[in-house]
Novice: 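Quick one: the structure is below, and I'll ask about it shortly.
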Amino acid sequence: MLKMFAKLHTNLIKLKKNTRGEGLLVFLGLIVIIIVILGIIYAVAPNQFQSIINRVFQTISSWFGG
């Protein structure tokens, strides 16, 4: 999981340097893919989806001392 976030961070840095606009399209495509995957998870298993979302928010709030 950490490896995935590191790769995403590296890609975001590359996209920031790209001034031709192609990086923005790639980034928006990535966001659409993530939303579709989350929608599928929600449609298949709403309870598991809520559990995943709760864990993500707990992890993020622990990073910021919440």
Novice: Going by side chain to side chain contact (heavy atoms under 4.5 Å, CB included), name the residues that satisfy it together with Val32, two or more places apart in sequence or in a different chain.
Specialist: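 For Val32, the residues satisfying side chain to side chain contact (heavy atoms under 4.5 Å, CB included) (neighbours in sequence not counted) are Val36.
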Novice: With sequence neighbours left out, write down each residue that passes side chain to side chain contact (heavy atoms under 4.5 Å, CB included) with Ile35, or none if nothing qualifies.
Specialist: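 Scan of Ile35 (side chain to side chain contact (heavy atoms under 4.5 Å, CB included), adjacent residues dropped) gives Ile31.
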Novice: Are Ile33 and Ile40 linked, directly or through intermediate hydrophobic residues, by side-chain heavy-atom contacts shorter than 4.5 Å (ILVMFWY only)?
Specialist: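 In one cluster with Ile40: Ile33, no.
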Novice: Excluding sequence neighbours, so at least two apart, what forms side chain to side chain contact (heavy atoms under 4.5 Å, CB included) with Val56?
Specialist: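 If we apply the side chain to side chain contact (heavy atoms under 4.5 Å, CB included) test to Val56, skipping adjacent residues, the hits are Ile52, Ile60.
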Novice: Ile53 and Ile41: same hydrophobic cluster, using ILVMFWY side-chain contacts below 4.5 Å?
Specialist: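 In one cluster with Ile53: Ile41, yes.
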Novice: Going by the rule side chain to side chain contact (heavy atoms under 4.5 Å, CB included), which residues pair with Ile34 if we only count those two or more places apart in sequence or in a different chain?
Specialist: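 Once residues adjacent in sequence are excluded, the partners of Ile34 under the side chain to side chain contact (heavy atoms under 4.5 Å, CB included) criterion are Leu30, Leu38.
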Novice: Hydrogens and angles aside, do Arg55 and Thr59 bring a side-chain donor and acceptor to less than 3.5 Å of each other?
Specialist: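 Absent: no donor and acceptor within the cut-off.
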Novice: Does anything in residues 38-50 form a side chain to side chain donor-acceptor pair (under 3.5 Å)? List the pairs, not counting sequence neighbours.
Specialist: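 As it turns out, the side chain to side chain donor-acceptor pair (under 3.5 Å) pairs with a partner in residues 38-50, which skip direct neighbours, are Gln50-Asn54.
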